[in-house]
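Notes follow the structure.
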Amino acid sequence: MRLTALLRYSDTPIPRQQLTMSKKVFCLALGAMLLMHCLIAEAQQTKKVPRIGYMSASGDTNNPGSNVEAFRQGLRDLGYFEGKNILVEYRYAEGNQDRIPGLVAELVQLKVEILVVGAQASIRAAKQATKTIPIVMVSSVDPVAAGMVDSLARPGGNITGLARLTRDLSGKRLELLKEVVPGIKRVGVLRDTDDPASSIAFKEYEAAAGALKIQLQSLEVQRPTPDLKAAFHTAAKGRVSALITIRNPLFSRHPKPIADLAIKNRLPSMYEGSDYVEVGGLMSYASNDAEQWRRAAYYVDRILKGTQPADLPVEQPTKFEFVINLKTAKQIGLTIPQSVLFRADKVIR
């Protein structure tokens with residue numbers, strides 16, 4: 001009886017008014033779902049992709065340089081992929097610092113969300129060009145002493161980033177050079193006289209040389225095309241017994257010719273970056289450049305996520321790399337003491 005009654009009940013036709021109402025509710029629900037889907041799709045399509053400006057003082061489009069690749073790797077490690085969820089506008093001065101202010105101005109006019117800069121000329125140009133766009137720097141000098149930031153802990157303004165302490169290591173480089181060449185008395189310092197930062201660097205070396213009883217000779221070249229052979233001829237005439245190269249955008253485009261000339265003149269050479277040693281330079285003592293530029297990507301990430309540059313402390317390296325090229329030592333007839341080799345972080349054999 002109960003089953004028959006149930007079957008009879010289920011066969012009862014639905015009133016037309018109720019059926020019409022159900023169709024309207026269904027259509028409204030379907031329309032709402034489609035509208036929501038369209039709005040989500042539109043939001044995803046119109047989501048703004050951040051655009052970063054990168055100012056390279058030494059690279060070019062065909063050979064951006066290891067610092068650019070390290071920065072790109074840093075972005076990838078943090079989940080940023082160029083052309084997908086981030087855009088990077090590159091400008092290359094190709095070693096000509098006179099071009100830097102104009103190139104930085106181009107990036108500012110593009111209204112990039114962050115400027116990434118390295119050379120001192122680039123940092124100064126960016127600081128003068130904008131007070132609002134965040135600037136991430138990788139500085140070779142003390143940014144507080146240079147007037148770039150208020151302090152390392154609280155940079156203030158729109159600039160933050162990393163300080164490589166390149167200049168603070170000047171004395172240590174001379175000490176290592178003297179350990180390797182005990183009788184050293186006169187050291188030639190290769191520098192670009194058109195770069196104001198090289199004058200600061202030379203004074204740092206002078207201050208350290210006095211305590212070590214070493215005389216320095218300035219080996220000066222000028223941009224855009226440095227006459228390196230003339231500089232080494234001056235070194236020979238001055239009877240210098242070793243060489244230090246003050247790194248800057250101009251020399252960063254000529255590491256191999258510099259290293260080759262040092263070998264040809266049988267001069268033990270010390271550099272401010274391991275890239276010179278990789279191509280034949282004798283020694284370098286510096287922070288790890290690749291690590292510093294990868295770390296710059298961290299600052300970009302923090303700023304894109306809402307942190308103000310003024311609230312991001314400037315970082316300093318805690319580890320420095322001592323690199324020796326034994327192939328070069330053999331070529332110039334120099335024996336590196338075992339006590340020095342044991343302290344090297346990397347030895348190229």
Side-chain angles (χ1 to χ4, degrees), residues 50-61 64-72 74-75 86-150 152 155-167 195-198 200 247-250 252-253 273 287 289-304 308-310 312-317:
R51 183 160 59 167
I52 309 303
Y54 185 108
M55 179 66 236
S56 171
S58 58
D60 57 56
T61 53
S66 57
N67 292 342
V68 172
E69 180 49 41
F71 176 69
R72 287 171 172 165
L75 289 176
I86 196 168
L87 299 174
V88 184
E89 295 282 352
Y90 296 97
R91 294 295 183 273
Y92 300 99
E94 301 180 10
N96 186 353
Q97 295 192 54
D98 295 335
R99 297 182 58 201
I100 290 176
L103 293 172
V104 169
E106 284 183 21
L107 293 172
V108 171
Q109 289 170 5
L110 288 173
K111 297 182 179 179
V112 295
E113 291 174 56
I114 301 172
L115 281 170
V116 180
V117 292
Q120 292 311 111
S122 301
I123 301 172
R124 285 194 301 270
K127 182 178 174 66
Q128 293 170 0
T130 178
K131 303 297 181 186
T132 55
I133 297 175
I135 298 169
V136 174
M137 65 175 176
V138 180
S139 176
S140 62
V141 303
D142 181 347
V144 179
M148 302 301 178
V149 297
D150 295 338
L152 298 181
N158 62 323
I159 304 179
T160 187
L162 302 105
R164 291 185 295 171
L165 301 180
T166 303
R167 300 279 62 85
D195 182 3
S198 81
I200 298 172
R247 188 177 190 176
N248 82 331
L250 178 64
S252 292
R253 294 180 63 80
S287 60
D289 285 341
E291 179 57 34
Q292 298 290 291
W293 282 100
R294 280 194 296 269
R295 190 64 179 166
Y298 160 81
Y299 280 85
V300 169
D301 176 58
R302 290 290 304 275
I303 293 170
L304 288 177
Q308 295 299 312
L312 286 171
V314 175
E315 290 186 1
Q316 295 177 301

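In this chain, residues are counted from 1 in sequence order.
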Any Pro196 side-chain heavy atom under 4.5 Å of Arg124 side chain: yes

Output side-chain donor-acceptor pairs under 3.5 Å for residues 104-113, partner residues at least two apart or in another chain, one line each.
from, atom 1, to, atom 2, distance (Å)
Glu106, OE1, Arg91, NE, 2.8
Glu113, OE2, Arg51, N, 3.4

Locate the shortest heavy-atom distance separating Pro64 from Ser56; write the atom from each residue and the value. O-OG, 4.2 Å

Please evaluate residues Phe71 and Val138 with respect to the criterion side chain to side chain contact (heavy atoms under 4.5 Å, CB included), reporting the C-alpha separation (whole Å), side-chain torsions for both, the decisive distance (0.1 Å), and the verdict. CA-CA 11 Å; Phe71 176 69; Val138 180; over 6 Å; no

Nearest heavy atoms of Leu152 and Pro143, plus distance in Å: CD2-CG, 3.9 Å

Taken to the nearest 0.5 Å, the spacing of Leu165 CG from Asp142 CG works out to 8.0 Å

Closest heavy-atom pair, Ala126 versus Val117, reported as atoms and distance to 0.1 Å, is CB-CG1, 4.3 Å

Identify the heavy atoms of Ala93 and Ala57 that sit nearest to each other, and give their distance. CB-O, 3.5 Å

I need the full list of salt bridge (Lys or Arg N to Asp or Glu O under 4.0 Å) pairs touching residues 289-298, with sequence neighbours left out, sorted by first then second residue. Arg164-Asp289, Arg247-Asp289, Glu291-Arg294, Arg295-Glu315

Heavy-atom closest pair (Val136 atom, Ala296 atom, distance to 0.1 Å) is CG1-O, 3.9 Å

For Tyr54 and Trp293, take the angle between the two ring planes, folded into 0 to 90°, and tell me which bin it lands in: parallel under 30, tilted 30 to 60, perpendicular over 60. tilted

Indicate yes or no: at least one non-hydrogen side-chain atom of Pro317 is less than 4.5 angstrom from one of Leu162. no

Indicate yes or no: at least one non-hydrogen side-chain atom of Pro309 is less than 4.5 angstrom from one of Ile303. yes

For Ser58, is there any backbone N or O sitting under 3.5 Å from a side-chain donor or acceptor partner on Arg253? yes

Run the numbers on Val88 and Val116 for side chain to side chain contact (heavy atoms under 4.5 Å, CB included), then give the verdict. CA-CA 10 Å; Val88 184; Val116 180; over 6 Å; no

Looking at CG of Asn248 and OG1 of Thr166, how far apart are the two atoms once the value is rounded to the nearest 0.5 Å? 12.0 Å

CE of Met55 to OH of Tyr92: how many Å apart, nearest 0.5 Å? 9.5 Å

Which residues share a salt bridge (Lys or Arg N to Asp or Glu O under 4.0 Å) with Asp301, sequence neighbours left out: Lys305

Rounded at 0.5 Å granularity, tell me how far CD1 in Ile114 sits from CG in Asn158. 11.5 Å

Residue pair Met148, Gln120: steps toward the side chain to side chain contact (heavy atoms under 4.5 Å, CB included) verdict: CA-CA 10 Å; Met148 302 301 178; Gln120 292 311 111; 4.0 Å; yes

Drop me the distance from Ile52's CD1 to Tyr90's OH, to the nearest 0.5 angstrom. 10.0 Å

Could you go through Gln97 and Asp195, starting from their C-alpha distance and side-chain angles, then the distance that decides it, and tell me whether this counts as side chain to side chain contact (heavy atoms under 4.5 Å, CB included)? CA-CA 8 Å; Gln97 295 192 54; Asp195 182 3; 3.3 Å; yes

Hey, could you give me the OG1/CD distance between Thr160 and Gln308, rounded to the nearest 0.5 Å? 11.5 Å

How far apart are the closest heavy atoms of Ile100 and Ala125, and which atoms are they? CG2-CB, 4.0 Å

